[in-house]
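Working notes, structure below.
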Amino acid sequence: MNKKKIIPVIFGFVLLFLGSLWFLQGSDLVQIKPILCFADCEPITGKSTTWQIAGAVIFVAGASIIHKNLKKKQNG
């Protein structure tokens, strides 16, 4: 596998991870305390449809990038 395919695949896996994390946080299945705050930061509790949708979209984008770069070209 060449460098032109490895970098997008790594980027796709990062998107898969972030999409999964955001979806699970939006579903209120994973709760992580804020790491870097600039104001009065409090953890968001409860479900968030916005984060569920954003996570699902990013997950699908990552999966499609990985699929596009790992599929074998067919002759013919």
Side-chain angles (χ1 to χ4, degrees):
M1 187 178 283
N2 61 14
K3 195 183 248 187
K4 286 185 178 182
K5 293 215 180 236
I6 291 175
I7 292 174
V9 168
I10 292 171
F11 181 68
F13 276 110
V14 169
L15 291 180
L16 276 178
F17 173 74
L18 285 176
S20 300
L21 179 63
W22 292 347
F23 182 82
L24 292 172
Q25 285 180 320
S27 301
D28 199 26
L29 297 173
V30 172
Q31 296 177 352
I32 299 174
K33 294 181 182 180
I35 296 171
L36 182 63
C37 293
F38 295 104
D40 295 330
C41 293
E42 295 181 17
I44 298 172
T45 56
K47 292 185 179 183
S48 173
T49 306
T50 303
W51 284 110
Q52 287 177 323
I53 293 170
V57 169
I58 295 299
F59 183 88
V60 169
S64 64
I65 290 171
I66 292 168
H67 180 286
K68 178 184 175 190
N69 285 286
L70 289 182
K71 72 178 181 178
K72 295 180 181 180
K73 290 189 176 184
Q74 297 177 353
N75 294 331

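This one's a predicted model, so the numbers in the text were calculated from it and none came from an experiment.
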(message) Within this structure, what is the CG-CG distance for the pair Asn69 and Asn2, rounded to the nearest 0.5 Å?
(response) 9.5 Å
(message) Could you tell me if the side chain of Leu16 sits less than 4.5 Å from the side chain of Phe13, heavy atoms only?
(response) yes
(message) Hydrophobic cluster membership, with links at side-chain heavy-atom distances under 4.5 Å among I/L/V/M/F/W/Y: are Phe59 and Leu70 in one?
(response) yes
(request) Could you tell me the separation between the CH2 atom of Trp51 and the CG atom of Asp28, rounded to the nearest 0.5 Å? (result) 14.5 Å
(message) What's the separation between atom CZ in Phe23 and atom CD1 in Ile58, rounded to the nearest 0.5 Å?
(response) 14.0 Å
(request) State, to 0.1 Å, how close Gln52 and Gly26 come at their nearest heavy-atom pair, and which atoms those are. (result) CG-C, 3.6 Å
